[in-house]
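Order of the sequence lines fixes the chain letters, A, B, ..., with proteins taken first and strands second; residue numbering starts at 1 for each chain.
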Amino acid sequence: QQQVRQSPQSLTVWEGETAILNCSYEDSTFDYFPWYWQFPRESPALLIAIRPVSNKKEDGRFTIFFNKREKKLSLHITDSQPGDSATYFCAASASYNQGKLIFGQGTKLSIKP
Amino acid sequence: ETAVFQTPNYHVTQVGNEVSFNCKQTLGHDTMYWYKQDSKKLLKIMFSYNNKQLIVNETVPRRFSPQSSDKAHLNLRIKSVEPEDSAVYLCASSVGGGNYAEQFFGPGTRLTVL
């Protein structure tokens, strides 16, 4: 089944803390997992992405941890800033599927100053 | 300016009317997509085109019909809109019709069906 699930639905952390956003999937043929973020009244934009050839992808304060066996991944945001407040979408696609992205339902992250 | 452009920004209409949305990208990409984002922020792909060829056609009501005149333009027509069609319609584009490509989104067209 082509489903991507995210948890929690919403998350609030204090500035400077680490926010952890979770994602799981069912289709073992998925081989590309981008995270998009969406600020209020804006469109989604790519934040960071991982392919299962590695189990970790880092870009500054943002790190994806990937567990292929459990079909889970997580996005860690260290030293959270108020400007990180957004909705984060985990997505997945399979190489045979013409770039069709399946999006999770999103996690709304709020950073308290 | 290189980006994905959509018109109109907003559209309010009544049940049963026909609407058309336009999308143009100046990024030089060859693949374009239509997504629907509902009031709960759920993002779902509807269609995608690669070089004017339809390559992804999700299960959507027949009243939705996409059209691509060239690889830089993608339109969406909805015949006889229904209340559940109220949503933001997002156009996106990417390089290549396959996997691993970053998708760039336009600002969206917000449709309200009364």
For B/F105 and A/S43, the nearest pair of non-hydrogen atoms, with its separation, is CB-CB, 3.8 Å
Under 4.5 Å from any heavy atom of chain B, what part of A/E42 do you find: side chain, backbone, both or neither?
neither
Flag yes if more than 12 heavy atoms outside A/Q9 fall under 6.0 Å of its CD atom; otherwise flag no.
no
Please classify the contact of A/P34 with chain B as side chain, backbone, both or neither, using a heavy-atom distance under 4.5 Å.
neither
Can you get from B/Y35 to B/F21 by hopping between Ile, Leu, Val, Met, Phe, Trp and Tyr side chains that sit under 4.5 Å apart?
no
In the single-linkage hydrophobic clustering (I, L, V, M, F, W, Y; side-chain heavy atoms under 4.5 Å), do B/I55 and B/L74 co-cluster?
no
Identify which one of A/F33, A/F30, A/Y32 satisfies the ring pair (Phe, Tyr, Trp, His ring centres under 6.0 Å) criterion when paired with B/Y100.
A/Y32
Most contacts with chain A, counted as non-hydrogen pairs under 4.5 angstrom, among B/E102, B/K41, B/R110
B/E102
Out of curiosity, does B/V19 fall in the hydrophobic cluster containing B/Y89 (side-chain heavy atoms, cut-off under 4.5 Å, transitive links)?
yes
Please state whether the side chain, the backbone, both or neither of B/L43 comes within less than 4.5 Å of a heavy atom of chain A.
both
Between CZ of A/F89 and CD of B/Q37, what distance do you get to the nearest 0.5 Å?
5.0 Å
Shortest non-hydrogen contact between B/I45 and A/L101, atoms and distance:
CG2-O, 4.1 Å
Can you tell me which portion of B/Q103 sits under 4.5 Å from chain A's heavy atoms? Options are side chain, backbone, both or neither.
both
Is there a chain of hydrophobic side chains (I, L, V, M, F, W, Y, each step under 4.5 Å between heavy atoms) that links B/L42 to B/L111?
no
Residue part contacting chain B, namely of A/R41, when any heavy atom lies under 4.5 Å:
neither
For atom CD of B/Q14, decide whether the heavy atoms of other residues, nucleotides or ligands shown that lie under 6.0 angstrom number more than 12.
no
Shared ILVMFWY cluster between B/L76 and B/L90, side chains joined below 4.5 angstrom?
no
Heavy atoms from other residues, nucleotides or ligands near NZ of A/K71 exceed 12 (cutoff 6.0 Å):
yes
Pick one of side chain, backbone, both or neither for B/F104, based on which atoms fall under 4.5 Å of a heavy atom in chain A.
neither
